[in-house]
Protein chains: 2
Amino acid sequence: MQPDPAEAIAEQVFTALADPSRRAILADLATGGPTTATDLADRLPITRQAIAKHLTLLTDAGLLTPTPAERRRIRYHLNPAPIQLAQQFLAALAHDWDTRLTALKTHLTD
Amino acid sequence: MQPDPAEAIAEQVFTALADPSRRAILADLATGGPTTATDLADRLPITRQAIAKHLTLLTDAGLLTPTPAERRRIRYHLNPAPIQLAQQFLAALAHDWDTRLTALKTHLTD
DNA sequence: GCTTGACGCAACCGTTCAGTTGCAATACAT
DNA sequence: ATGTATTGCAACTGAACGGTTGCGTCAAGC
């Protein structure tokens, strides 16, 4: 296996999406717009530090981008590109499965 | 939010997709068609028991369905429904994000 | 009846992970 | 200068996870 970049990204994206707290963060970001760690800590039932860890993980996965704001705040905003890549991954899976099914069908009706 | 069933399924599907071995199993199933645990153990670098664990997890996630076959074999085949649900989840995320962006844009050009 | 192939169950090991607590550093306001 | 708010770093804990080994079980063929 050569270092497949798409696979690596899929890995990170799916692990990122696997955690409930992380999904909550993403949902908040998607509906409420860019926010900071402490603001999220007010809205979620976990500590700021826990949220900070999730934010770095999400940033490493390419899902988030941090931007410095006023005072010492850092605002995180969503990055749609990796999400689309994950969608393509799922589409490829479904596609392979579908073509296998139709091939079987035509073989049976042969 | 009450126990959202779609969220629960998304949880299981994304955790299932997060593991490389599990993705390998799904890819094998998608391209090669239904197989058994021992057959997969020949093709993957892990033990049959490890594969069996993954298979039960994938079955619990609704991604696989076991069907008894000849002798004592059990053949697992893919189930496309949860995959489509996961795709919808990602689409919803991207959609919310997109609408937020366009709303911001129209607000700025207002 | 005995062997062979396939599966299930249970215990165990090492690693990773989510979350917490505690503390240092830095920017701005008064 | 002192206080307040926000972030970053480090150590720790408890639980979950991936994987292995070992053993028991059950169906079919000789």
Side-chain angles (χ1 to χ4, degrees), chain A residues 1 7-29 32-78, chain B residues 7-29 32-77:
Chain A
M1 282 203 223
E7 251 279 330
I9 294 186
E11 166 101 36
Q12 290 180 292
V13 172
F14 286 133
T15 40
L17 256 39
D19 186 81
S21 303
R22 248 141 23 206
R23 281 199 307 279
I25 291 179
L26 290 179
D28 191 293
L29 267 285
T35 331
T36 71
T38 42
D39 280 359
L40 284 167
D42 287 340
R43 275 169 258 164
L44 297 181
I46 55 177
T47 334
R48 177 191 61 86
Q49 283 84 345
I51 292 186
K53 284 190 186 178
H54 288 308
L55 289 177
T56 55
L57 194 152
L58 289 167
T59 305
D60 288 347
L63 286 165
L64 260 47
T65 314
T67 1
E70 1 81 57
R71 194 129 186 172
R72 243 192 97 112
R73 318 191 96 194
I74 292 181
R75 201 151 306 173
Y76 289 85
H77 61 89
L78 251 175
Chain B
E7 251 278 330
I9 294 186
E11 166 100 35
Q12 290 180 291
V13 171
F14 286 134
T15 40
L17 255 40
D19 185 80
S21 304
R22 241 124 52 189
R23 282 199 305 278
I25 291 179
L26 289 178
D28 190 295
L29 267 285
T35 331
T36 70
T38 43
D39 281 358
L40 283 167
D42 287 341
R43 275 170 256 165
L44 297 181
I46 56 177
T47 335
R48 176 189 62 86
Q49 284 84 344
I51 292 187
K53 284 191 187 178
H54 288 308
L55 289 177
T56 55
L57 194 153
L58 290 168
T59 305
D60 287 349
L63 285 165
L64 261 46
T65 313
T67 0
E70 0 81 56
R71 196 131 186 172
R72 242 192 111 185
R73 317 189 96 196
I74 293 180
R75 200 152 302 163
Y76 290 84
H77 60 90

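In what follows, every chain begins at residue 1, and chains take the letters A, B, ... in the order their sequences are listed.
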So, does B:T36 get its side chain near the phosphate of C:dA6, meaning an N or O under 4.0 Å from OP1 or OP2? no

Looking at every strand, decide which applies to A:R71 at a 4.0 Å heavy-atom threshold: base, sugar-phosphate, or nothing. base

Check whether any side-chain N or O of B:H54 sits under 4.0 Å from OP1 or OP2 of D:dC17, and answer yes or no. no

Choosing from D:dT6, D:dG19, D:dC26, which nucleotide comes nearest the side chain of B:R72? D:dC26

Using a cut-off of 4.0 Å on non-hydrogen atoms, how would the nucleic acid contact of B:R22 be classed: base, sugar-phosphate, or nothing? sugar-phosphate

Step by step, work out the side-chain contact (heavy atoms from CB on, under 4.5 Å) result for A:L26 and A:L64. CA-CA 9 Å; A:L26 290 179; A:L64 260 47; 3.7 Å; yes

Please report the distance, rounded to the nearest Å, between CG in B:L55 and P in C:dC7. 9 Å

Rounding to a whole Å, what distance do you find between B:E70:CD and D:dG29:P? 11 Å

Specify the separation, in whole Å, of atom CZ of A:R23 and atom C1' of C:dA18. 14 Å

Rounded to whole Å, the CG-P distance (A:D19 to C:dA18) equals 5 Å

Report yes if a donor N or O on one partner sits less than 3.5 Å from an acceptor N or O on the other, where the partners are the side chain of A:K53 and the base of C:dG19; otherwise report no. yes

Take atom OH of A:Y76 and atom C1' of D:dG8, then tell me their distance rounded to the nearest Å. 10 Å

With a non-hydrogen cut-off below 4.0 angstrom, is B:Q49 in contact with a base, only sugar-phosphate, or nothing? base

Please step through side-chain contact (heavy atoms from CB on, under 4.5 Å) for the pair A:D39 and A:R73, ending with a clear verdict. CA-CA 10 Å; A:D39 280 359; A:R73 318 191 96 194; 3.1 Å; yes

What pair of heavy atoms forms the shortest contact from A:R75 to A:P34, and how long is it? CG-CB, 3.4 Å

B:I74 has a side chain; which of D:dT7, D:dG19, C:dG8 sits nearest to it? C:dG8

Roughly, in whole Å, what's the span from CG in A:L44 to C1' in C:dA18? 14 Å

Gap between atoms CG and C1', on A:L40 and C:dG19 respectively (whole Å): 16 Å

Once hydrogens and angles are ignored, does a donor-acceptor distance under 3.5 Å link the base of C:dG8 to the side chain of B:R48? yes

Does a nitrogen or oxygen in the side chain of A:S21 sit under 4.0 Å from OP1 or OP2 of C:dA18? no

Test item: A:T35 side-chain N/O and A:G33 main-chain N/O as donor-acceptor pair under 3.5 Å: yes

Under 4.0 Å: is that the gap between some side-chain N or O of A:T38 and OP1 or OP2 of D:dT7? yes

Heavy-atom closest contact (B:L29 atom, B:H77 atom, distance): CD1-CA, 4.0 Å

From CG of A:L17 across to P of C:dC17 the rounded distance in Å is 16 Å

